[in-house]
Amino acid sequence: MRRSFLVTPLVLALAASAAGAQQQQRRVIRGRVYDAADNHPIPGAQVVIQGTKTGVLGGPDGTFVLPAPAGALRLQVTYIGYKSTSVPVAASATSVDVAMALDALRLDELVVTGQATGISRRNLANAVSKVDAVDLAHTPTEAIEQTLQGKVAGAAITENNGAPGGGSIVRMRGTTSIIGAFTPLYVVDGVIVSDVSIPSGTNTISHAFGSAGIASDQDNADNRIADLNPDDIASVEVLKGAAAAAIYGSKAANGVILVTTKRGAVGRPRFTLSQKMGTSEILQKFGERRFNSLADAQAVFGDLATKYYQQGAFFDNESQLYQRPFNWETDASMSGGTENTQYYASLLAKQDGGTIRNTFADKYSLHVALDQRVGDRVKLGFATQVIRSSNDRGLTQNENNGTTLLAGIVYTPSFFDLRQHADRTWPVNPFTNANPIQTDAMFQNREGVWRAITSGKADIDLIQGDKQTLKFNWTGGLDLFTQKNNVFSPPELQFEQDGALPGTSILSFSQNLNITSNENLVHTYQGGWFSTTTSLGMQLETTDLDIDRTLTQNLIGGLQNINEGTKVTVEENRQRVKDHGFFAQEELLTFNQRLLLTLGGRADRSSNNGDPNHYFLYPKSAISFRFPSPVHLVDELKLRAAAGESGNEPLYGQKFTELTGTNMSGIPVYRITGLVGAPDLRPERQREIEGGFDLTLFNSKATLGVTGYEKRITDMLLTRTLAPSSGMTTEYFNGGVMRNRGLEVELNSFPLQRKNLTWNLHGNFSLNRCLIESLPVPAFRPAAFLNSNVFGSTFIEPGKSCTQLVGYDTTKTGDRVVDQIGDGSPSYRFGIGNNFTYHQFSLYVQVDRSKGGNLLDGSQLVADLSGTSADFDKPIKPGAPTGAQRGAWVGRYTKGYMYDISYWKIREASLSWELPQSLMQRLWGQTRSVRLQVSGHNLYTWTPYPTGDPEVQQEATSQAFSVPWDLWAYPSSRSVWFSVDVGF
Amino acid sequence: MNRIKILAVLLPLFAAAACGRDLNVPDLNQGSLNGLQSNPSASGIATAAQGLLVGLRASANDNVVLLGIMGREGYDLDPSNPEAPTQFYRNVSEDLAATIWGDTYSNMRQEYIILQALPKVPGLTDAQKEATRGFVETVQAIDLLYTIEAVDDAGAAIDVNPDPTGNPEPIVPKAQVYGRIDSLLDDALTHLAKGDAFPFNLGPGFAGFNTPASFATFNRAIRARADIFQKDYASALKDLAASFMDTSQPLTLGVYHVYSENSGDELNPIFDALPRQRFPHASLWAGAQLRADGSKDLRAQAKLKPVAPFARFGYTVSENFEIYNSDQASVPIIRNEELILDRAEAELGLGQTAAAIADLNFIRVSSGGLAPLPASYSGNLVTELLYNRLYSLMWEGGFRWLDARRFGRLAQLPHDVTGDLVFPRLAIPTDECNARAPDKPAGCAVPAGM
């Protein structure tokens, strides 16, 4: 159906408004906007008379009708994804055709500069990375962070382990905080969304963090940003440090990730349907020792070995835990719209089986976005996502009672068969208190999340003059989720049977509500030789989180309900944060649009600060200048510099010195907590200076951006471990200076660009050095879980790296010394992506490289001391130490277990084939595109790290806070997919 | 233009409303320490005083297990922490005393806060305040005793620093620490004498010792232990006489740490249900004396249970501990049996051999089911004393190690694996030393093993 009769009123309305402003109008220009490559019409392009604010939107067929003044003029035509084009219209002409070329290097892409303003990448003065949907979605992934891995210079993104359902840490430009928040702020369509990790409560089972507390940081929790559907994302902008992110004030010091979800576009309805199927497998097994003789077995297990040893027997118990699951994902979307109304809706259903049996992650989501024009001055937008995600991440990682799966494997000799008997009973493991294969089969660690992220926006044009505009903008919304965790450890499990209170059930309910409201006034002025954009804004943000847990032990009859046990423990933890800020910014674009000057700032207060009503000011400024064709082969050189400040506000509760209430045989008691809060606690202040240049080369075949930066973080939020004799353990305070210096390079190029063959090469490189410049207190170990010399600890020491690792080392003379034994941070990393397109085929390969950094291989350490490491008797490589030899390092030579975690990874690869138009038309006339694809994620890793994946994390903490360690993490996996995408 | 006018009015109003908002959010999860310090109430002080017993209880695990492992009462063979044996016996960690010091000084901080607040509390009578002071100072002395037991010659700080974030108090020599313990206990005794009733609940662990008068006999019992550790035998006899020591009462008479399954309470941390972590030292079963019928000392029979032998990390295990046989089993703080043995030790030290033999025999017969020693016993009475202290007080407070150290017999404790050593004391914890850098006390170093 043609909708031209709908178009007309809008055009008339715009024409009328233009008429009001533009008295001397004499003629009407008619035209058509089309793709220069294939002549297809481009619907919805914006056509503006250059030097004025007069303009129209093109219709679905690419045509436009623009009332214009007499005389020769130029039309500026812009459309997302195309290079902005300027065409001359002679004084006598009444029609014009506008051909637009694809903006492969995305120089005209709009990049955010304020709460409600943006500027084209061409002029941008900050190193903001923007990743668009096409680059995000080469392979299906669990979570949005994984789609960004290796694609953003300066962002270190590591998956905590291979458990299904996500769980990653994103660090922007080095270590930004020791005890404050260390992960970036996520903003989806203007709403601050929660990325909290809420542990499930498996600590009760594993005692990983000791027996106090139902849940701990070692419960292998996912982080909630994993709920977002990567397929709904139109683009991701990454503000890496204070210089760009000052507009987010005291929550921006760790960078800001701005996610824009897909919305409808003017044009005929479009439907897409995508079906993906695949599987995954673990990258590497831990391995088990083969016992060659009874004597070997007796040396480890004593008389127990005599009873169970069988010459030559080897049961690969570890492999019993793993599977190659069937994974699938179905996406469907629908979009379209008229000039007045645009809509987008999508559905996702996805099931990932874990590589450990009985683990999984499922996700279902519905996304609806609606944009509506009301009259000619008001534009309303609305988007909501409803997400259901659920998973079971099993029982892995650290333990203190033999319960976690891989612990059970390590404590059991390979000559003992742990498989279920034919009569469905389970062998009782005499070597430890758990049969991990039984645990894997019966233990449940279920998580279910319902989440709604709703955002709204309203743009009201208050003034639409020829020279100036004034726009009021409101953006806001809420992010509400409930998370339910059920941990069920049935009494039949061996470790439950052996325990004092067999059977454990833990039910946790968490509810989080984030509310964001932004109001902005944006004024633009178009002078003869300059234009200015002035914005004023105000932000209100609140977070309310409540976590309740009930633990029931000694389950009656093995029932899971929390009332069916004899010992009940309950916990509740609440957090509430209220923030309020003002924002002002002035942007000046002049000198023939070559010079951009920006000045701005935000004033913030937060309930987490000692004084919740004190405003902290975060200024920013930036400058960029473009030199067209400075030398041969260089199309343009842009020099840029930016400086800004942002904060990192304290976490909830850090300002309080508390008394904890507990009991002794039913008698209520108070205990001091050991934490000394700071009544005057302030946000950390990050001051960042960045500078660099961007080159556009070889007739728009390549762009190269180089950025150097220095971030100084003053007034650091610190916890100091106090002298035990003070009677308190930890003090929160502000002080000291930390510095990050780094270099980032981003390259995007088209070395080959023929009609049927293109090669797109893009890459990024980053390095960062973090240093503690000064401390107001003696050097100290943060109060982390692992902070002993035997396993190493971080050590906050002036003049040293923020992430240095300290522990036992052995001198040449054999003396034990405490020394620096490594560093948690890699020295540099880069990612390279290659995209070849030949006719209908395209091949994409992304390789990531990280160099340097250390990780404590706890898995190997424990296996060595347990006498069960695979290389206990014989080294893997000639000359390497055996497990037996390594075991003697413990307590003397921690450095030996601090492995180099450099790696090369084939992160993503895909091969796809677009069906030719002719074939599609023959199959079904309505089809717009059909693509078949095979792809893989994390296909291969080369690393000197001996056990599994060097990117794993036991605890999700700041790098400067706790030693990086790995103990029986859920093995990392590689996945392969086959997918069919249909558009019609 | 009307809309603009409306917005022009509304926007500043929005902004003003936001500015006026008070963002204060109180502590939603815990009580405030500040309230207890600046504005103490009678119930707040009572709740905090009860908390001292939870704080004291925190030390039980290390006193029994850690000191017990150092003195070869038991092994830590936790498969999940296979670094433990080398940390105790070979490459000894500097940080072994970290939890002991953390627990005791944390309690001392709370004691300091209560003592500071006590004069200001409305609603307590002077007699109640005296009783409270006597209680708090007694617990303080016990905390200090636990502190110095672990590090011995390294010395310790005798008070928490008033400002916890300020410079720590000096580390003073062992003798001064014991002097402080004695004076705290004596001062507590005078306050207890002026008190009528405790304005708080001491719980089931103090049944029979929950009035200032009966609590005073517990105070003296602790003083007697401190006397024995200082080899001040005359004072020991005097204090024992004022304690609850009574050969006509059960040997279990005394004061205990208690545990329960109530939500928020703790379970006995020493109880190892599986067991998988802690096992008795092989020498305990092997070294038990035989009774007339050829069976082992009743104490060994009651406290140890044979299991299928196995080896781990080079240590062979054939028994389990049976001392704490449930997750709610109480752990003694001090009890009658120890006091009788303390008296025997004091008598021996003062040359009152006959009295010492009589007390030892009382324990041998009533607790061990062994034959009494003849009055003319010619063997080494110290060996006999230490034997009885080991079997009577096994896995109750690290006595094997403390006793061997006091009598210079550490080198005679068993060495199981080649390279294993017995260490005479723990080092001052690393965080304590870091906080005092660069003037680290000598006690920060791990002493030579033997």
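First the proteins, then the strands, lettered A, B, ... as listed; each starts at 1. Predicted, not measured: the structure shown is a model, and the values here were computed from it.
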By a 4.5 Å heavy-atom criterion (distance strictly below it), what part of [X] contacts chain A: side chain, backbone, both, or neither?
| X | value |
| --- | --- |
| B/V317 | neither |
| B/E94 | both |
| B/N434 | both |
| B/L202 | backbone |
| B/Q87 | side chain |
| B/N161 | both |
| B/D327 | side chain |
| B/I113 | side chain |
| B/F271 | side chain |
| B/D163 | neither |
| B/P269 | neither |
| B/A308 | neither |
| B/T316 | neither |
| B/L36 | side chain |

### Message
Name the residue from A/D579, A/N613, A/D611 that meets the side chain to side chain donor-acceptor pair (under 3.5 Å) definition with A/S606.
### Response
A/D579
Per-residue contact mode, [X] against chain B (heavy atom under 4.5 angstrom):
| X | answer |
| --- | --- |
| A/N400 | both |
| A/V410 | neither |
| A/T657 | both |
| A/E572 | backbone |

### B/Q50 side chain vs B/F200 backbone, donor-acceptor pair below 3.5 Å
no
### Message
Using only atom types and a distance under 3.5 Å, with no angle test, would you say the side chain of B/E169 pairs donor to acceptor with the backbone of B/V160?
### Response
no
Counting heavy-atom pairs under 4.5 Å to chain B, which of [options] comes out on top?
| options | value |
| --- | --- |
| A/V568, A/T566, A/I667, A/N398 | A/I667 |
| A/L967, A/V890, A/N609, A/L304 | A/V890 |
| A/F495, A/Y652, A/F431 | A/Y652 |

Any idea which of [options] has the most non-hydrogen atom pairs under 4.5 angstrom with chain A?
| options | value |
| --- | --- |
| B/P82, B/A435, B/S260, B/A48 | B/P82 |
| B/N24, B/T165, B/L267, B/T86 | B/T165 |
| B/N262, B/D95, B/N167, B/D159 | B/N262 |
| B/P79, B/A49, B/P168, B/A46 | B/P79 |

### Task
Please test B/R57 against B/D265 for salt bridge (Lys or Arg N to Asp or Glu O under 4.0 Å), starting from the C-alpha separation and ending with a verdict.
CA-CA 11 Å; B/R57 185 171 71 175; B/D265 201 356; 3.0 Å; yes
### Message
Quick check: closest heavy atoms across A/S665 and A/N663, and the distance to 0.1 Å?
### Response
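Distance-wise, the nearest heavy atoms are N-OD1, 3.5 Å.
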### Query
Given the rule in the side-chain hydrogen bond (donor to acceptor under 3.5 Å, both in side chains) test, do A/S517 and A/W474 qualify, once you have shown the distances and angles that lead to the verdict?
CA-CA 7 Å; A/S517 174; A/W474 176 83; 3.0 Å; yes
